[in-house]
Amino acid sequence: MKTPPVELPAITDDGEFTARYSEAGLTELSFPEAGRASAPAANKGTIPGKILDWHRLTEAALKAILAGHQPKKFPPLDLAGTAFQKSVWQSLRKIPVGRTKSYGEIAEAIGRPKAVRAVGGACGANPVPVLVPCHRVLAANGKIGGFSGGLERKRRLLAREGLKI
DNA sequence: CATCAAAAACTCC
DNA sequence: GGAGTTTTTGATG
């Protein structure tokens with residue numbers, strides 16, 4: 001591995017997220033997990049300055065969303081996925097704070113109104129939760145659907161934005 | 001490399 | 001509660 005992904009802890013009020021960066025941008029973000037209280041020891045000396053710069057933006061954006069505000073700036077994202085998944089994630093990022101969309105609406109937005117189920121799959125494959133607000137996507141009839149980080153966490157995120165299920 | 005089968009965070013009847 | 005639609009992923013020849 002010539003360019004191993006860089007891992008940095010992002011401290012928020014909700015816990016310690018783990019952000020992973022490639023040479024092109026933020027590539028993955030993980031929720032804090034029990035039993036992983038201590039972040040991966042980050043050798044700041046070996047981390048390129050630009051990544052530390054991105055990380056500042058990531059942490060700021062993360063905190064903003066967790067507080068229910070729309071972040072002013074996003075770090076560059078380097079999402080790995082199929083064309084379909086990228087379309088879905090792009091649509092997700094257009095959802096403003098405090099609003100929700102259904103899987104069906106996302107499906108329509110990308111021109112595949114009937115691919116709702118596939119949209120669900122793409123959301124589940126979303127490597128960057130919170131910044132790509134997969135938690136703001138609910139099922140058509142108001143059901144909460146699912147969430148990679150656990151349904152409880154999804155509910156709390158929505159509650160922070162002033163939404164009630 | 002091409003093809004088949006199974007599964008998924010949905011939606012509608 | 002069951003059938004339908006689309007995409008992804010892993011197995012098979």
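Lettering of chains follows the sequences in order, A, B, ..., and the numbering in each one begins at 1.
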**Request:** Identify which nucleotide among dA9(B), dT11(B), dT7(C) has an atom closest to any side-chain atom of S148(A), counting heavy atoms from C-beta outward.
**Result:** dA9(B)

**Message:** Keeping D14(A) on the side-chain end and L66(A) on the backbone end, is there a donor-acceptor pair under 3.5 Å?
**Reply:** no

**Request:** Quickly work out the Y103(A) OH to dT5(C) P distance and round it to whole Å.
**Result:** 21 Å

**Complete:** Side-chain atoms of K114(A) come closest, of dT11(B), dT5(C), dT7(C), to dT5(C)

**Prompt:** Between N126(A) (CG) and dA9(B) (C1'), how many Å, whole number?
**Reply:** 11 Å

**Message:** Between I65(A) and E161(A), is the side-chain contact (heavy atoms from CB on, under 4.5 Å) condition met? List the steps.
**Reply:** CA-CA 8 Å; I65(A) 294 179; E161(A) 300 184 5; 3.9 Å; yes

**Request:** Take the protein atom CZ of F147(A) and the nucleotide atom C1' of dC10(B), then report the distance between them rounded to whole Å.
**Result:** 17 Å

**Asked** So what does A118(A) touch, heavy atoms closer than 4.0 Å: a base, only the sugar-phosphate, or nothing?
**Response** base

**Asked** Where does the angle between the aromatic ring planes of Y21(A) and H55(A) fall among parallel (under 30°), tilted (30 to 60°) and perpendicular (over 60°)?
**Response** perpendicular

**Prompt:** Tell me: CD1 of I144(A) to P of dC10(B), nearest whole Å?
**Reply:** 12 Å

**Asked** How long is the line joining CZ of R117(A) and C1' of dA6(B), in whole Å?
**Response** 11 Å

**Message:** Mind checking if F84(A) touches a base, just sugar-phosphate, or nothing, with heavy atoms under 4.0 Å?
**Reply:** sugar-phosphate

**Message:** Categorize T82(A) for me: base, sugar-phosphate, or nothing, with a 4.0 angstrom heavy-atom threshold over every strand shown.
**Reply:** sugar-phosphate

**Request:** Would you mind reading off the distance between L158(A) atom CG and dA9(B) atom C1', rounded to a whole angstrom?
**Result:** 13 Å

**Message:** Using a 4.0 Å heavy-atom cut-off, does G121(A) contact any base of the nucleic acid, only the sugar-phosphate backbone, or nothing at all?
**Reply:** nothing

**Request:** Write down the partner of dG4(C) under the Watson-Crick or G-U wobble criteria, each distance required to be under 3.5 Å.
**Result:** dC10(B)

**Prompt:** Can you check the Q85(A) CD to dA8(B) P distance for me, whole Å?
**Reply:** 16 Å

**Request:** Please report, rounded to the nearest Å, how far the C1' atom of dT8(C) is from the CH2 atom of W89(A).
**Result:** 12 Å

**Request:** Look at the side chain of K154(A) and the backbone N and O of I144(A), then say whether any donor-acceptor pair between them is shorter than 3.5 Å.
**Result:** yes

**Check: V97(A) main-chain N/O paired with Q70(A) side-chain donor or acceptor under 3.5 Å** = yes

